[in-house]
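What you are looking at is a predicted structure, and each value in this text was computed from that prediction instead of being measured. In the text below, chain A, chain B and the rest are named by the order of the sequence lines, each starting its count at 1.
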Protein chains: 4
Amino acid sequence: MPDNRPLAISAPAPRTLDLIFTPETLKDLHRRYRIVEADPEDIAGLGDDVLGNAHYIIGQPPLDHATLRRMSQLKAILNVESNLINNMPYEVLFERGIHVVTTGQVFAEPVAELGLAMALNIARGVVDADLSFREGRELWGGDGNRSARLLSGSEIGIIGFGDLGKALNRVLSGFRAKIRVFDPWMPASILRDNGVEPASLETVLGESDFVFVVASVTSENEGFLGEKAFARMRPGAAFILLSRAGVVDFEALMAAVASGHIVAASDVFPEEPLPLDHPVRRLPGFLRSAHRAGALDSAFKKMGDMVLEDMDLMDRGLPPMRCKRAERETVARMRSKPVTMN
Amino acid sequence: MPDNRPLAISAPAPRTLDLIFTPETLKDLHRRYRIVEADPEDIAGLGDDVLGNAHYIIGQPPLDHATLRRMSQLKAILNVESNLINNMPYEVLFERGIHVVTTGQVFAEPVAELGLAMALNIARGVVDADLSFREGRELWGGDGNRSARLLSGSEIGIIGFGDLGKALNRVLSGFRAKIRVFDPWMPASILRDNGVEPASLETVLGESDFVFVVASVTSENEGFLGEKAFARMRPGAAFILLSRAGVVDFEALMAAVASGHIVAASDVFPEEPLPLDHPVRRLPGFLRSAHRAGALDSAFKKMGDMVLEDMDLMDRGLPPMRCKRAERETVARMRSKPVTMN
Amino acid sequence: MPDNRPLAISAPAPRTLDLIFTPETLKDLHRRYRIVEADPEDIAGLGDDVLGNAHYIIGQPPLDHATLRRMSQLKAILNVESNLINNMPYEVLFERGIHVVTTGQVFAEPVAELGLAMALNIARGVVDADLSFREGRELWGGDGNRSARLLSGSEIGIIGFGDLGKALNRVLSGFRAKIRVFDPWMPASILRDNGVEPASLETVLGESDFVFVVASVTSENEGFLGEKAFARMRPGAAFILLSRAGVVDFEALMAAVASGHIVAASDVFPEEPLPLDHPVRRLPGFLRSAHRAGALDSAFKKMGDMVLEDMDLMDRGLPPMRCKRAERETVARMRSKPVTMN
Amino acid sequence: MPDNRPLAISAPAPRTLDLIFTPETLKDLHRRYRIVEADPEDIAGLGDDVLGNAHYIIGQPPLDHATLRRMSQLKAILNVESNLINNMPYEVLFERGIHVVTTGQVFAEPVAELGLAMALNIARGVVDADLSFREGRELWGGDGNRSARLLSGSEIGIIGFGDLGKALNRVLSGFRAKIRVFDPWMPASILRDNGVEPASLETVLGESDFVFVVASVTSENEGFLGEKAFARMRPGAAFILLSRAGVVDFEALMAAVASGHIVAASDVFPEEPLPLDHPVRRLPGFLRSAHRAGALDSAFKKMGDMVLEDMDLMDRGLPPMRCKRAERETVARMRSKPVTMN
């Protein structure tokens with residue numbers, strides 16, 4: 001009896017199938033697809049019976065022109081690393097209509113929740129309150145609230161309105177805050193449809209009590225948030241960095257916090273891991289998290305769900321809808337540093 | 001020219017007019033009312049020209065039958081302490097239709113925000129992550145997320161659905177969580193109208209990932225959350241105490257946390273301030289806040305707004321709507337310990 | 001064996017128990033209460049064993065001082081007509097702490113839905129489009145849309161923000177409209193908490209595309225919407241009357257519609273039923289409904305639910321929360337014409 | 001001085017620039033682009049200076065291979081008819097990365113509002129109530145509400161969850177309804193993210209009080225809603241057809257209404273205009289609208305806004321985001337009958 005299951009090449013490193021699928025969905029994957037596990041560094045070494053029949057690649061292994069030519073049935077590359085790496089001829093893929101999709105959306109919700117946690121922590125001094133309590137020097141009631149403030153009714157700025165920005169907007173929905181967004185890649189009307197106000201970078205920086213940065217690094221915006229940007233912020237305002245350290249001038253950020261002008265929180269750092277003697281480790285007014293915002297097990301498991309949903313659509317001759325598609329125009333610009341760990 | 005402004009006796013201790021009014025609203029108060037500042041311990045000592053003309057008392061000073069009889073124009077006592085104290089003949093006030101109103105609602109939003117901050121902190125280990133980062137022993141990425149989890153999509157229980165519960169429900173609205181509420185004083189249909197599911201105490205304890213306690217202490221529910229209640233909770237679930245320590249058996253709560261069965265956060269403690277050697281100070285899995293949830297300056301200032309709005313209604317022959325009215329049925333039961341500080 | 005069920009006198013005319021209870025909830029009522037059905041015109045004729053033991057009256061029968069004195073256990077009068085009638089000594093009831101509650105809230109949702117139906121009908125000409133289609137003179141596509149417009153993104157005014165106004169605000173929540181409210185009985189901050197903008201009557205009339213009137217008639221606002229009010233409205237704006245005809249000068253309303261200045265819809269009329277030759281019957285630009293907005297069977301059945309929920313609270317020594325309480329200050333002003341039919 | 005404005009060919013028939021742009025946005029268009037108005041039937045007749053420099057085509061004129069080859073700078077075809085017509089070699093466009101986008105989304109909001117208007121009309125009998133009132137045979141109060149019901153708390157089914165379905169879901173958001181969606185092209189998780197429940201066609205038909213059909217006609221679903229589908233519906237349920245008549249067996253729909261099993265409303269018909277003697281014109285229980293749901297002037301004007309926003313993105317090297325892109329996989333299936341009028 002012939003095996004009619006569509007063939008999928010599995011090369012998800014640095015992820016593993018066990019990381020991105022639950023035992024149940026992994027069973028489902030195997031039931032519906034013929035899975036060929038491959039060494040990502042040697043896709044070309046697979047036989048033509050595999051390459052010529054493969055509908056999908058789960059992963060983002062290096063691919064050259066010759067190998068791609070042998071893959072006549074290929075419908076999609078499902079990149080589960082979530083960054084687009086410069087290791088395959090994207091132009092050929094676009095021409096042939098082979099979808100390249102990424103699953104980074106799974107991180108939006110966890111990152112948004114940590115971002116909100118950071119904002120509330122800063123607003124209420126939760127970390128220091130707990131520490132001082134441990135040490136018996138806590139201040140009670142109003143005495144402990146000298147710099148406390150509310151998110152409710154505040155003015156909030158979001159820089160970048162991709163999946164992360166949208167998720168952040170959603171977890172902020174119960175706070176009756178005025179939310180302004182700077183995103184030069186996003187038409188104003190889409191921002192308005194999402195209930196936020198399109199604004200310039202200057203306005204977002206200058207008229208917010210809390211500024212969240214969720215913009216990706218592109219070849220164009222590296223370090224675009226520097227000394228001037230921080231100077232423009234309201235005294236005492238909070239700067240919360242959730243996307244990539246590359247978009248800020250980190251030295252300038254630390255200086256703005258050290259001077260007392262603003263307070264800050266960050267999940268990302270110029271080097272990861274960070275040297276033990278890095279001054280941000282002891283900087284008062286700075287809340288630190290070691291690139292933990294997105295990497296929840298539940299987020300990784302959602303990757304598998306997304307892959308299955310989109311392969312199901314493509315099996316039926318439909319385009320993928322769940323994952324995010326690489327775009328011809330931006331694929332070259334969207335390249336962040338690949339992750340090496342989960 | 002006669003002074004037609006309604007007369008209000010000011011005796012807001014432990015608050016002060018400067019605490020509960022902004023400079024602007026205080027000016028407004030004086031413009032619209034003849035304010036007689038009085039010693040709360042000697043309202044009886046005021047002359048009949050004051051007592052006989054007073055429409056309002058701002059504060060909750062002790063009042064006896066004789067004094068009340070002299071106050072023939074009294075419309076309302078605007079209690080800005082927010083607890084009802086056993087220092088006036090409430091039955092007489094109810095009979096005569098003199099409103100007794102409290103302004104505790106101002107604390108709902110700040111408490112709800114701190115409650116959410118605590119839940120997110122527990123879910124993501126924010127305090128310990130920052131501490132370990134300071135000390136150079138942070139874990140990066142997924143390694144630091146072993147016990148991390150999301151509020152989004154979780155099951156949440158709320159015990160008590162007064163102003164606090166409603167505010168909490170509102171700040172949780174962006175999380176797509178299933179929210180169950182136990183409140184024996186609240187008709188089920190009102191809970192449903194608020195988009196939450198009415199549930200028994202057992203269900204709320206046993207089927208939640210996060211349990212928020214925002215119930216007031218009454219003469220009937222003292223210590224109703226004890227060993228059995230904590231045992232019923234899901235392993236690893238979070239217990240977040242925001243109202244009064246009196247509703248829990250604090251020893252049992254600490255034991256449940258110490259055993260690793262649950263994690264907890266609390267803004268209130270059996271004694272405040274707490275002895276320096278109290279074991280909760282060092283209890284891992286417990287996040288502490290020194291009764292700081294509500295006492296924000298912005299909350300106190302809202303009291304003044306509420307007082308002004310309700311006096312305006314009563315000036316026009318309408319009942320107060322902004323503050324919360326004491327109820328004949330529950331006034332005796334609702335007596336918490338008065339606060340002595342702001 | 002003694003019957004420990006609390007006693008309730010049933011005198012719900014013009015309603016009936018069968019109208020306001022489902023078979024199931026009626027069974028529940030009888031299971032939990034000893035129900036004595038009484039002639040509303042002769043409550044005084046009941047024996048002292050009934051009067052002296054009655055905890056509740058379901059209905060709003062005439063009551064005099066002497067009868068009330070015989071009812072020493074009375075906790076509440078549950079008025080299911082929903083208007084407060086001048087047939088009992090309310091002052092005595094307030095003094096004794098006997099609650100007088102009404103169930104009119106059940107009509108809020110049906111009235112709001114009909115109000116929205118009317119607004120959408122006017123905006124899109126639904127009635128005339130169907131009529132012209134029946135008669136073969138319909139206009140297709142854009143040709144039939146010369147005066148069509150959207151609610152989405154429009155400016156909406158609501159006059160009155162009681163249960164009806166709140167329900168209307170809720171069904172309008174998906175339309176991204178700017179909603180302004182005029183309600184002189186309601187503090188501005190409560191309106192803001194509901195997400196609407198407090199505004200003067202002039203602003204609501206002059207800056208709305210749709211004006212909804214859901215204000216009750218009081219002794220003070222009879223006919224307050226007259227010629228000047230309609231003149232102030234935007235040309236082509238819609239006036240939708242949902243509460244009582246008494247709040248408008250109906251002749252002036254018809255004139256404003258006849259002149260083409262505004263369009264209108266109404267569920268209520270100066271006389272009900274209306275004479276066959278009344279000119280509003282044939283007035284173009286006017287959408288008519290024969291006082292049908294609230295009187296849905298499902299609404300009446302909800303009355304029974306509310307009565308049961310509040311009696312349950314009072315059985316347990318708590319104040320009623322589900323029904324609306326009459327207020328000492330406003331009981332005299334809130335008297336609309338009683339209904340004589342359901 | 002050279003004209004650096006990007007060149008756009010204008011061939012929007014059956015629309016016109018004046019239909020889809022306001023005077024202001026038209027001015028903006030001309031300010032930012034060199035507009036060459038062209039005969040859609042003779043794009044090939046344009047000189048190479050035009051064709052070779054054109055970045056955009058506003059419209060959907062017939063294009064052949066040879067003409068396309070002459071257009072080396074072409075970035076996008078902005079189809080303002082909103083249906084994809086079989087008049088250009090889409091495969092070539094996809095290969096070359098020339099975007100084909102449609103602006104049909106502008107109709108989503110107006111169609112959703114009319115759909116809700118129809119549902120509320122059916123639920124409350126608004127048309128017949130007004131007619132009977134005109135004729136002096138109206139029924140007052142509850143007598144006129146024998147078949148009246150609420151949307152609030154009802155069960156609602158939506159077939160198709162593209163832009164229309166999403167807009168419908170939004171205007172229904174204030175009704176606390178349970179909304180189930182059947183859309184085989186849409187991953188279940190996206191439906192859940194939108195707050196609706198994914199369901200089979202059978203469930204949507206069989207467990208709804210109101211069924212809205214907003215699915216496009218494809219080569220595969222023609223007439224898929226026929227006798228069996230209507231038989232499966234709840235007695236008295238409402239069937240509201242908003243997309244294309246082609247998805248239903250119209251005779252079977254009329255029969256189901258004529259039998260009294262269901263009630264219905266439709267904006268679309270098997271022939272448009274419809275013969276004067278078509279039986280649907282007089283069918284009781286059927287609400288008719290002459291393909292007026294979307295064709296509002298405000299909708300057409302939004303097309304121009306969308307075109308401008310997407311050209312702005314593409315000018316800056318970004319992909320279009322506001323309009324909807326044609327998809328390689330579905331372009332052939334998505335072909336509805338072109339419109340010939342606006």
Side-chain angles (χ1 to χ4, degrees), chain A residues 109-110 112-114 116-118 120-121 123-127 129-136 138-145 148-153 167 169-176 272-274 276-277 280-282 287-293 295-300 339 341-342, chain B residues 109-110 112-114 116-118 120-121 123-127 129-136 138-146 148-153 169-176 272-274 276-277 280-282 287-293 295-300 339 341-342:
Chain A
E109 210 160 54
E113 289 201 9
L114 188 72
L116 177 59
M118 286 170 154
L120 289 168
N121 261 289
R124 304 301 285 276
V126 177
V127 174
D130 188 47
L131 281 186
S132 62
F133 208 117
R134 296 182 195 188
E135 296 165 6
E138 77 278 7
L139 297 172
W140 290 82
D143 291 340
N145 278 334
R149 48 192 157 131
L150 295 181
L151 257 75
S152 293
N169 187 40
R170 202 178 60 239
V171 298
L172 289 168
S173 60
F175 290 87
R176 295 171 184 161
E272 298 182 2
L274 200 70
L276 285 178
D277 60 354
V280 80
R281 291 187 181 276
R282 303 241 151 217
L287 179 66
R288 292 143 290 245
S289 167
H291 210 138
R292 304 163 58 238
L296 268 69
D297 186 61
S298 58
F300 289 120
V339 301
M341 55 180 296
N342 292 312
Chain B
E109 211 160 53
E113 288 201 11
L114 188 71
L116 177 59
M118 287 170 154
L120 289 168
N121 262 288
R124 303 301 285 276
V126 177
V127 174
D130 188 47
L131 281 187
S132 61
F133 209 116
R134 297 183 193 189
E135 296 165 6
E138 76 277 7
L139 297 173
W140 289 82
D143 291 341
N145 279 334
R146 291 300 163 235
R149 46 190 157 134
L150 295 180
L151 256 75
S152 293
N169 187 39
R170 202 178 60 241
V171 297
L172 289 169
S173 60
F175 289 87
R176 296 173 183 156
E272 298 183 4
L274 199 70
L276 285 178
D277 59 353
V280 80
R281 291 187 180 276
R282 303 240 151 221
L287 179 66
R288 293 143 289 245
S289 168
H291 210 139
R292 303 163 59 237
L296 267 70
D297 186 61
S298 59
F300 290 120
V339 300
M341 56 182 295
N342 292 312

Legend entry - Min side-chain heavy-atom separation B:E272-A:W140 under 4.5 Å: yes
Inset, instruction - Please look at A:R282 and chain B and tell me whether the side chain, the backbone, both or neither of the residue comes under 4.5 angstrom of a heavy atom of that chain. - result: side chain
Inset, instruction - Can you tell which part of B:R176 gets under 4.5 Å to a heavy atom of chain A, answering side chain, backbone, both or neither? - result: side chain
Legend entry - Main-chain N/O of B:L151 paired to A:E113 side chain as donor or acceptor, under 3.5 Å: yes
Inset, instruction - Output the option from A:S298, A:S289, A:P110 having the highest count of non-hydrogen pairs under 4.5 Å with chain B. - result: A:P110
Legend entry - Closest-packed option against chain B by number of heavy-atom pairs under 4.5 Å, given A:S132, A:A293, A:A290: A:A290
Legend entry - Largest heavy-atom contact set with chain B, pairs under 4.5 Å, which of A:N169, A:L172, A:L131, A:D297: A:L131
Legend entry - Most contacts with chain A, counted as non-hydrogen pairs under 4.5 angstrom, among B:L150, B:V171, B:N121, B:V127: B:L150
Inset, instruction - With a 4.5 Å cut-off on heavy-atom pairs, point out which of A:N145, A:L120, A:D277 contacts chain B the most. - result: A:N145
Legend entry - Whether B:D130 side chain and A:L287 backbone form a donor-acceptor pair below 3.5 Å: no
Inset, instruction - Hey, could you give me the NE2/CG distance between B:H291 and A:D143, rounded to the nearest 0.5 Å? - result: 12.5 Å
Inset, instruction - Drop me the distance from A:E135's CD to B:R281's CZ, to the nearest 0.5 angstrom. - result: 10.5 Å
Inset, instruction - Please flag which part of B:R124 lies under 4.5 Å from any non-hydrogen atom of chain A: side chain, backbone, both or neither. - result: both
Legend entry - Which of A:P273, A:S173, A:A117 touches chain B most, by non-hydrogen pairs under 4.5 Å: A:P273
Inset, instruction - Below 4.5 Å from any heavy atom of chain A, which atoms of B:F175 appear? Answer side chain, backbone, both or neither. - result: side chain
Inset, instruction - Using atom types as modelled and distance alone, determine if a side-chain donor or acceptor of B:E138 lies under 3.5 Å from a backbone N or O of B:A129. - result: no
Legend entry - Contact origin within B:L276 toward chain A - heavy atom pairs under 4.5 Å: side chain
Inset, instruction - Specify which of A:G144, A:S152, A:A112 makes the most heavy-atom pairs with chain B at under 4.5 Å. - result: A:S152
